[in-house]
Amino acid sequence: MDLKTKAHLISVGKIELPETSRSTGPVSTAGPGAGENNVFFRSGGRRVRLSVVESSPLMLAELDEDEVVIIERGVEVARGSLEKPLFHCPRQAYITVSERCIYDCKFCAVPKLSGGVKSKEKVERMVAKAWDTGELEAISLTSGVERSAEEEVARVAEIIGALRRFDVPIGVSVTPALRSSEILKAAGADEIKYNVECLDPELFRRVCPGVSLEKIKMALLDAVSHFGKNRVFSNVIIGLGESDRALREGIEELAEMGVLPVIRAVYPHPLRRGEIEMIRPSPERLIDLAHYTKKVLEDHGLRGDLAETGCYRCTGCDLVPHMDL
Ligand code: SF4
């Protein structure tokens, strides 16, 4: 799978499985495909995550136990193998603590899923199970906001304390709150992600009502002072109708602060159909933005291949600078 092929697969984003191998396994509660089944395809040193759906131009075919091909309109697109996720993604226990949210970002399925809130003991049990496989390389915790961002940070900090006994790096992605970086760093987190989601200020107000883009940026700046360079990340969603100029300026601004932007193709989740414009970016736009991000990161002394947790480590949903290109 070369860079162009991965960009194409991300742009399509979904795949059909042969009836015999349709997964009946657990459904992911995190990331773009929350509430859905996913497959992780590996080939040529790259990984891609695709949502499993009933109808897609992409079809998966199994050749033997270890080898699969992705076919599009009768033509082979890529050949590789499937990877088993531990929790949500391969080699990580990527766990959503609170599967509910008081905010209503228009692209996100979590507020619609209104799921449960995991106890510290439950998260510990899940990580222990992943640890027992011998494959666990990192823990990533994410969380919606059940009641308040402050409460959520305290909950996640307590869980981190209990997870330190597993000797792997811990990354956290939460809504920032007062002193959240200081608290989470002191609890033992190694990396942190606060998502700006949309870098076009006009559009931001519409897609993330009740949230302040400026406050997230201030929290990111504070995060770099606690976690250091190459340890702070922020999701930037592409395909909401954002202007290219605002996007590029925003990517540059994040890198200047010492933050690595995760350039993420919007996932038009069925639970959000019709609420806002959501168009998967073309492969060309994804490649162009990935090259731009890589250059901007290098200009500011940042590297994508130093990440120890989360999406820069997983690479399933994005073209990751210094990993994929
Ligand atoms: S890149 Fe991030 S959101 Fe996507 S599958 Fe990997 S860990 Fe999940």
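Numbers here are sequence positions counted from 1. Computed from heavy atoms alone, side chains included, the values below leave out hydrogens, waters and symmetry copies. None of these values were measured; they are calculated from a predicted model. For ligands, and for the atoms within them, numbers begin at 1 and follow the listed sequence.
- Using bins of under 30°, 30° to 60° and over 60° for the plane-to-plane angle, the ring pair Phe40/His88 lands in the perpendicular bin.
- Counting the atoms of ligand 1 from 1 in the order shown, those under 4.0 Å from a heavy atom of Tyr94 are 7 (S).
- For atom 6 (Fe) of ligand 1, the set of nearby N, O or S atoms under 2.8 Å includes one belonging to Cys314.
- The shortest side-chain heavy-atom distance between Glu62 and Val68 falls under the 4.5 Å cut-off.
- Residues Lys122 and Met126 form a side-chain contact, since some pair of their non-hydrogen atoms from C-beta on lies under 4.5 Å apart.
- If you number the atoms of ligand 1 from 1 as listed, the ones under 4.0 Å from a heavy atom of Phe40 come out as 5 (S).
- Within a 6.0 Å sphere centred on CD of Glu121, heavy atoms belonging to other residues, nucleotides or ligands number more than 12.
- If you number the atoms of ligand 1 from 1 as listed, the ones under 4.0 Å from a heavy atom of Arg49 come out as 5 (S).
- Close to ligand 1: Arg264, with a non-hydrogen atom less than 4.0 angstrom away.
- Near Cys311, the atoms of ligand 1 lying under 4.0 angstrom from a non-hydrogen atom of the residue are 1 (S), 2 (Fe), 3 (S), 7 (S).
- At a cut-off of 2.8 Å, His88 coordinates atom 8 (Fe) of ligand 1 through an N, O or S atom.
- Atoms of ligand 1 lying under 4.0 Å from at least one heavy atom of Gly316, given by number and element, are 1 (S).
- Glu137 and Arg313 are joined by a salt bridge, as a carboxylate oxygen and a charged side-chain nitrogen come within less than 4.0 angstrom of each other.
- Taking every non-hydrogen atom of Cys317 and a distance limit under 4.0 Å, the qualifying atoms of ligand 1 come out as 1 (S), 3 (S), 4 (Fe), 5 (S).
- For the pair Met218 and Leu221, the minimum side-chain heavy-atom distance is 4.5 Å or more.
- Without hydrogens or angle criteria, Ser11 side chain to Pro281 main chain gives a donor-acceptor distance under 3.5 Å.
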